[in-house]
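Each chain gets a letter, A, B and so on, in the order the sequences are listed, and its residues count up from 1.
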Protein chains: 2
Amino acid sequence: MKKLTIKDIAKEFKVSISTVSKALNDSYEISQSTKEKIQKYAKEQNYKPNFNALSLKNRSTKTIGVIIPTMLNYFFAQVFKGIEKTALEKGYKVITCISNESYDKEVEIIEMLSNGSIDGFLLSMAKQTELIHKFDHFKTSIEDGTPIVMFDRVAQSIACDKVITDDLEGATKTVEYLYQKGHKKIAFVSTMSNLHIGKERLKGYKEGLKNVGLQFNKDLVLNVVEQDYKKYKNIVRPFIKNNSIDAVITTGESVAVSVMKAIKKNAQKIPKDAAVIAFSNGILSRHSSPKMTTISQHGEQMGATAAKILIEKLENKTKTITTEIIKTDLVIRDSTRK
Amino acid sequence: MKKLTIKDIAKEFKVSISTVSKALNDSYEISQSTKEKIQKYAKEQNYKPNFNALSLKNRSTKTIGVIIPTMLNYFFAQVFKGIEKTALEKGYKVITCISNESYDKEVEIIEMLSNGSIDGFLLSMAKQTELIHKFDHFKTSIEDGTPIVMFDRVAQSIACDKVITDDLEGATKTVEYLYQKGHKKIAFVSTMSNLHIGKERLKGYKEGLKNVGLQFNKDLVLNVVEQDYKKYKNIVRPFIKNNSIDAVITTGESVAVSVMKAIKKNAQKIPKDAAVIAFSNGILSRHSSPKMTTISQHGEQMGATAAKILIEKLENKTKTITTEIIKTDLVIRDSTRK
DNA sequence: TTTTCATCTAAAAACGTTTAATTACGAAGA
DNA sequence: TCTTCGTAATTAAACGTTTTTAGATGAAAA
């Protein structure tokens with residue numbers, strides 16, 4: 001019933017607790033016979049060293065704090081999968097908290113976990129935090145000796161390890177790909193124009209246009225606010241109707257679905273008359289009709305990389321600060337010409 | 001830099017550590033003046049009692065272990081959201097592990113966390129566990145004093161608290177609803193015929209038929225294996241083609257999309273000629289065309305309920321074992337007649 | 001026989017807390 | 001004056017480990 005401790009084992013064999021501890025750790029100081037019987041007994045009784053006692057002693061919890069804006073998003077869920085898997089492989093547990101895109105929640109979580117619960121943080125900023133640009137909580141944590149590795153939505157000005165996707169190049173390459181397939185009027189629809197990664201994608205779009213010799217036309221850029229996906233239609237439809245577009249790049253799959261509907265409504269065939277490509281990792285793109293060509297982001301790899309970097313830092317294998325860039329992939333499906 | 005401890009504060013004021021401890025806990029044994037100056041200082045210096053020391057002393061970690069089959073699933077992600085939110089509100093942290101539907105992983109996780117890392121478990125069984133029907137790891141954990149609350153995929157034979165959805169009634173009501181809208185040939189497509197909840201849904205379907213006086217016809221039941229969603233088409237299309245169906249209930253949204261496509265292919269209009277209703281919480285149903293009518297499962301509420309039950313148990317407010325049933329809701333969208 | 005050494009085991013301190021038991025000291029009551 | 005009491009503080013033990021330091025025993029060396 002009650003958990004077995006080293007003390008109980010000591011009593012069982014009428015030896016001191018230090019003998020038991022050393023026996024279990026296979027110390028040279030302990031005779032073979034003693035070690036054997038103690039180890040055998042411990043195994044039989046399923047003895048497990050108490051986690052809190054160990055953490056207290058070692059001043060290390062083998063636990064990582066993860067702060068993620070939401071889990072109701074395929075990309076972040078993928079990142080989390082990568083984190084959890086890698087952490088477990090390396091013997092680390094994961095305490096996961098959801099910031100819900102709120103700055104206050106983020107601060108609260110960091111506060112709460114800064115009492116020796118965890119060895120380091122893995123986090124992606126809340127939207128609100130990025131908008132109001134308040135990063136003191138991150139700085140404090142790092143200064144207090146709790147390292148942070150940021151992923152996807154990172155704070156430029158904070159000196160810490162980062163893992164990001166190559167949003168810029170992803171967009172650039174996509175424009176080039178579309179141009180190569182014969183598209184000339186390529187639109188860009190963004191649901192994250194206020195976020196850094198949104199800006200990067202736009203920048204990449206412009207760069208792509210320049211690379212292929214197309215003129216940038218601000219009328220072909222549409223910014224919609226995320227969340228109210230039901231309203232996408234009202235904004236997207238006129239945009240498609242009023243511009244004779246032959247390709248659209250979107251920053252997310254949800255709005256891409258709206259775009260596809262609008263294109264069809266506009267009596268254009270996909271991909272014959274107009275192609276659609278979305279930044280996405282979701283399931284929507286795989287089930288839409290036609291199935292969507294996407295710029296895929298390798299969320300799991302991002303999570304795994306971030307976890308690896310943090311753990312190496314915690315185990316003092318690295319001193320330097322790095323920014324790892326995860327490449328995007330163009331996954332060709334049926335919303336683009338063959 | 002280094003974390004402030006009670007000892008440091010004691011040194012600062014040249015008092016004993018117990019005085020500091022009592023002062024911080026506002027004990028009557030300590031004079032007002034001493035309490036004030038110590039509390040003030042602690043606040044200024046942002047003192048936080050060490051988590052591991054506390055856990056060791058109190059034999060309670062205020063931490064919950066969550067074992068979830070996957071996060072790449074909107075329903076489970078919703079459940080997790082509910083868990084995390086409720087836990088945090090009640091001052092609990094959450095260590096989250098993904099079983100990936102694997103029995104071995106599940107066992108490994110329970111082993112790993114059974115060293116005083118957590119006070120209790122919140123879990124939904126891996127598919128494999130349910131199939132091979134091996135529940136000893138659950139039993140052991142409970143016997144060793146670590147309570148478990150199971151959600152959604154629960155082990156009938158284990159005596160512990162459970163939170164489930166009313167799959168049976170959800171299906172029954174749906175059949176009745178469809179009948180009332182004039183449907184007579186109602187099919188049932190399952191992606192989880194081997195899981196208990198799958199069986200419940202089938203049972204509910206049959207019951208519904210009986211209630212409205214329709215004959216059960218096994219030809220109208222289609223079982224497909226989950227996962228290979230790309231292959232759904234090959235199985236679903238002939239099924240739709242060969243049976244003159246006027247309504248379909250599916251256990252998931254992914255296969256429902258296939259069903260809808262097959263119906264269209266079969267030159268039937270949705271919902272005029274055939275209606276489709278899926279058990280689902282996902283985003284697919286909200287973005288499909290037509291938008292799907294669903295039996296919605298309240299994942300967040302399920303998570304919140306499970307967390308609440310576990311925490312009450314941990315804080316000794318409850319002794320009894322309960323099974324909480326979360327009702328489903330029929331969310332009417334455009335794949336059913338008005 | 002005494003010293004020295006090797007081998008094994010035990011005691012004690014430490015990690016950061018809380019709390020029961022104890023002490024110190026001055027004021028009030030006898 | 002002596003006892004009793006109340007207040008404010010300290011000491012010590014405990015939670016479960018690891019690790020440093022110390023001790024015991026017996027055999028080999030002198």
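Between Glu101(B) and Arg153(B) there is a salt bridge, since at least one side-chain N of the basic residue sits less than 4.0 Å from a carboxylate O of the acidic one. No salt bridge links Glu36(A) with Lys40(A); every basic N to acidic carboxylate O contact stays at or beyond 4.0 Å. Electrostatic pairing of Asp144(A) and Lys3(B) does not count as a salt bridge here, judged by no charged N lying under 4.0 Å from a carboxylate O. Using a 4.0 Å cut-off between charged nitrogen and carboxylate oxygen, Glu84(B) and Lys93(B) do not count as a salt-bridge pair.
Rounded to whole Å, the distance from CD1 on Ile30(B) to C1' on dG6(D) is 14 Å. Summarising the geometry, the separation between CG on Leu24(B) and P on dT18(C) is reported as 7 Å, rounded to the nearest angstrom. For the pair Ile17(B) CD1 and dT11(D) C1', the computed distance is 10 Å after rounding to whole Å. When rounded to the nearest whole Å, the span between NZ of Lys22(B) and C1' of dT22(C) equals 10 Å. Taking atom CD1 of residue Ile6(B) and atom P of nucleotide dA14(C), one finds them 17 Å apart after rounding to whole Å. The distance between atom CG of Asp26(B) and atom P of dT18(C), rounded to the nearest whole Å, is 13 Å. dG16(C) atom C1' lies 10 Å from atom CG of Asp8(B), rounded to whole Å. Following rounding to the nearest Å, Leu54(B) (CG) and dT17(C) (P) show an atom-to-atom distance of 7 Å.
The side chain of Ala53(B) lies closest to dG16(C), out of dT9(C), dT10(D), dG16(C). Here dC15(D) is the nucleotide among dT18(D), dG16(D), dC15(D) with the atom lying nearest to any side-chain atom of Lys7(A).
Residue contacts shown for Asn58(B) are absent, as no nucleic acid heavy atom lies under 4.0 Å away. Contact annotation for Thr19(B): base contact, defined as any heavy-atom pair under 4.0 Å involving a base atom.
At the phosphate of dA11(C), neither OP1 nor OP2 sits under 4.0 Å from any side-chain N or O atom of Ser16(A). Between Tyr28(B) and the phosphate of dG6(D), there is no side-chain N or O to OP1/OP2 separation shorter than 4.0 Å. Contact check, Arg59(B) against dA14(D): no side-chain N or O comes under 4.0 Å of OP1 or OP2. Under 4.0 angstrom from either OP1 or OP2 of dT17(C) there lies no side-chain N or O belonging to Asn52(B).
Nearest approach of Phe75(B) to Gly299(B), heavy atoms of both residues: CE1-CA, 3.6 Å. Nearest heavy-atom pair across Leu24(B) and Ala42(B) is CD2-CB, 3.6 Å. When all heavy atoms of Lys35(B) and Asp26(B) are compared, the pair lying nearest together is CD-OD1, 3.2 Å.
A donor-acceptor contact under 3.5 Å is formed by the side chain of Lys57(A) with the base of dT18(D). Looking at Ser31(A), its side chain has no donor and acceptor atom pair within 3.5 Å of the base of dT9(C). For Lys14(A) against dT9(C), a side-chain-to-base donor-acceptor contact under 3.5 Å is absent. Evaluation of atom-type donor-acceptor distances gives a pair under 3.5 Å for the side chain of Ser18(A) against the base of dA11(C).
Less than 4.0 Å separates DNA chain D from no heavy atom of any residue of residues 33-43 of chain A.
Position along DNA chain D of the nearest nucleotide to Leu56(B) versus Val15(B) favours Val15(B) as the more 5'-ward residue. Along DNA chain C, the nucleotide closest to Tyr47(B) and the one closest to Glu29(B) are compared, and the more 5′ of them pairs with Tyr47(B).
Taking the ring centroids of Phe135(A) and His137(A), they lie at or beyond the 6.0 Å cut-off.
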